[in-house]
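Note that these values count all heavy atoms, side chains included, but never hydrogens, waters or copies made by symmetry.
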Amino acid sequence: MARLLGEAGPALTTFEPPRLLGAADIRRIAGEVGLRPTKQRGQNFVTDGNTVRRIVREAGIGPDDVVVEIGPGLGSLTLALLGEAAHVTAIEIDDVLAARLPATAAEFAGLSADRLTVVHADALRVETLPGPAPTALVANLPYNVSVPVLLHMLQTFESITSVLVMVQAEVAHRLAAGPGSRTYGVPSVKASWYADVRLAGAIGRTVFWPVPNVDSALVRLTRRTPPDADRQATFDLVDAAFAQRRKTLRAALTGHFGGADAAEQALHTAGIDPRARGEQLTVEDFARLASERR
């Protein structure tokens, strides 16, 4: 169950720019709480102020935005968001980090800290959030759960209209890939159900502590109207099509439709070549095909 560790007070008419965390601040706070970053939770903390300013700038956050942040960690990005947004709700799974974040905000953000709410919870299990409905998601997502968390938040909080996340570069390219690309796959299709997805730039490894052994990149998602079809039925079809990526859709979807002939008929009816492969279909194609299943 989520545990609320800090609540935002009344909105301020003017924002006091918070001081941002530097490398020395991050190491000091980590030492004070006895933190040793773990790979299990993808804990790589941004130590560069210019990087978090860039993330907030690319996100286009303004004074009317209510931002939800996943995995705030020691608060590097949180502080930058507090300098621009009306409200920041930070969801943190780590006991120590969740407990420490309100104190860090009070130390570095002054009165702006009143606009921060910390929710101690697993973002994959969060179904509701306190306070005003979020309008934006901005986060440095842990590499190991980035796609599931992103899809869960988009599905659960329809009020989120814009997203800017930092993820592993390989994941970023998969999310933003288009049909026909070698990186196009399940994450690409499912993300495009909810939003238009674009790459928003690369992030160097040296801005993190500890330094990761993978590259990172920014991805921007802008909410759009989803296809007129059943989401779960479409996603089940996507999973089936890419489970046997090298096979034609007629062969890959035989089990899904209860036979090769039935799969071929459904594909023909949906206007899709049975010899095509899943990587050639758009999310609209998958949605149309899902409607043919009986």
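- Put simply, CG on Asp122 and CG on Asp94 are 12.0 Å apart, with the number rounded to the nearest 0.5 Å.
- Between Glu264 and Pro274, the shortest heavy-atom distance links the atoms CG-CG, 3.8 Å.
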Start with the C-alpha gap between Thr89 and His87, add the side-chain angles, then the distance that decides, and say whether side-chain contact (heavy atoms from CB on, under 4.5 Å) holds. CA-CA 7 Å; Thr89 299; His87 187 113; 3.3 Å; yes

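- For the atom pair Asn140 CG and Asn44 CG, the distance stands at 7.5 Å (nearest 0.5 Å).
- A salt bridge links Asp261 with Arg250: at least one charged nitrogen is closer than 4.0 Å to a carboxylate oxygen.
- One distance of note links CG of Leu175 with CG of Leu151; it measures 7.5 Å at 0.5 Å rounding.
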Under the side-chain contact (heavy atoms from CB on, under 4.5 Å) criterion, do Tyr194 and Arg231 qualify, and how do the steps go? CA-CA 10 Å; Tyr194 300 104; Arg231 181 190 59 81; 3.3 Å; yes

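- A donor-acceptor pair under 3.5 Å is formed between the side chain of His120 and the backbone N or O of Ile93.
- The nearest pair of heavy atoms linking Val126 to Ala121 is CG2-CB, 3.8 Å.
- Between Leu81 atom CG and Ser76 atom OG the span is 11.0 Å, to the nearest 0.5 Å.
- Residue-environment remark: CD (Glu158) stays at or below the threshold of 12 foreign heavy atoms within 6.0 Å.
- Side-chain atoms of Asp236 do not come within 3.5 Å of backbone N or O of Ala233 as any donor-acceptor pair.
- Looking only at distances, a side-chain donor or acceptor of Ser291 sits under 3.5 Å from a matching main-chain atom of Ala287.
- Taking 4.5 Å as the limit, some side-chain heavy atom of Val163 sits within range of a side-chain heavy atom of Leu154.
- Not a single donor-acceptor pair under 3.5 Å links the side chain of Glu84 to the backbone N or O of Val56.
- Using a 4.5 Å cut-off on side-chain heavy atoms (C-beta onward), Leu77 and Pro72 make no contact.
- Side-chain contact between Val207 and Ile203 is present, with at least one heavy-atom pair separated by less than 4.5 Å.
- The environment of CZ in Arg125 is sparse: at most 12 heavy-atom neighbours from other residues, nucleotides or ligands sit within 6.0 Å.
- In this structure, Leu141 is not a member of the same hydrophobic cluster as Val211, with clusters built from ILVMFWY side-chain heavy atoms closer than 4.5 Å.
- For the pair Ile91/Glu69, no side-chain contact is recorded, criterion being any heavy-atom separation below 4.5 Å from C-beta on.
- A donor-acceptor contact under 3.5 angstrom links the side chains of Thr135 and Asp65, judged on distance only.
- Looking at heavy atoms from C-beta onward, Trp209 lies out of side-chain contact with Val46 at the 4.5 angstrom threshold.
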Test side-chain contact (heavy atoms from CB on, under 4.5 Å) on Phe108 and Ile29 and set out the steps. CA-CA 12 Å; Phe108 286 85; Ile29 296 170; 4.3 Å; yes

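- Applying the ring pair (Phe, Tyr, Trp, His ring centres under 6.0 Å) test to residues at least two apart or on different chains, none of the pairs has a partner in residues 146-178.
- With rounding to the nearest 0.5 angstrom, the CD atom of Glu32 is 8.0 Å from the OG1 atom of Thr104.
- Put simply, the side chain of Tyr184 never gets that close to the backbone of Val189: no donor and acceptor are under 3.5 Å apart.
- Counting only distance, with no hydrogens or angles, the side chain of Arg205 and the backbone of Ser216 share no donor-acceptor pair below 3.5 Å.
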Set out, in order, the CA-CA distance, both residues' side-chain angles and the distance that settles side-chain contact (heavy atoms from CB on, under 4.5 Å) for Asp48 and Phe208, then state yes or no. CA-CA 8 Å; Asp48 178 58; Phe208 295 97; over 6 Å; no

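- At a threshold of 4.0 Å, the pair Glu284-Arg224 counts as salt-bridged, since one of the basic side-chain nitrogens sits closer than that to a carboxylate oxygen.
- Judged purely by atom type and a 3.5 angstrom limit, Thr234 has no side-chain atom pairing as donor or acceptor with the backbone of Ala290.
- Minimum interatomic distance between Leu20 and Gly49 (heavy atoms only, all atoms of both residues): CD1-O, 3.9 Å.
- Between Val167 and Leu218 there is no side-chain heavy-atom pair separated by less than 4.5 Å.
- Summarising the geometry, atom CG belonging to Leu267 is positioned 5.5 Å from atom CD1 belonging to Ile272; distances are rounded to the nearest 0.5 Å.
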Run the salt bridge (charged side-chain N to carboxylate O under 4.0 Å, His left out) check on Glu292 and Arg288 step by step: do they pass? CA-CA 7 Å; Glu292 296 301 324; Arg288 193 169 63 253; over 6 Å; no

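- Under a 4.0 Å N-O distance rule, the pair Lys190/Asp239 qualifies as a salt bridge.
- Counting only distance, with no hydrogens or angles, the side chain of Ser192 and the backbone of Val283 share no donor-acceptor pair below 3.5 Å.
- For the pair Leu79/Arg19, no side-chain contact is recorded, criterion being any heavy-atom separation below 4.5 Å from C-beta on.
- Between Leu74 and Ala30, the shortest heavy-atom distance links the atoms CD1-CB, 4.4 Å.
- Using a 4.5 Å heavy-atom threshold, the side chains of Met153 and Ile70 count as touching.
- Using modelled atom types, one side-chain atom of Arg220 and one backbone atom of Glu58 make a donor-acceptor pair closer than 3.5 Å.
- Proximity of a side-chain donor or acceptor of Arg223 to a complementary backbone N or O of Ile160 within less than 3.5 Å is detected.
- Atom CZ of Arg275 sits in a sparse spot, with 12 or fewer heavy atoms from other residues, nucleotides or ligands closer than 6.0 Å.
- A search for ring pair (Phe, Tyr, Trp, His ring centres under 6.0 Å) contacts involving Trp193 returns Phe235, not counting sequence neighbours.
- There is no path of hydrophobic side-chain contacts, each under 4.5 Å, that joins Val88 to Val66.
- For Thr47 against Thr206, the heavy-atom pair with the smallest separation is OG1-O, 4.4 Å.
- Under the rule for a side chain to side chain donor-acceptor pair (under 3.5 Å), the partners of Thr269 that lie at least two apart in sequence or sit in another chain are Gln265.
- In terms of heavy-atom proximity, Gly73 sits nearest to Leu101 at O-CD1, 4.4 Å.
- The pair Glu279-Arg174 does not count as a salt bridge, with every side-chain nitrogen at least 4.0 angstrom from each carboxylate oxygen.
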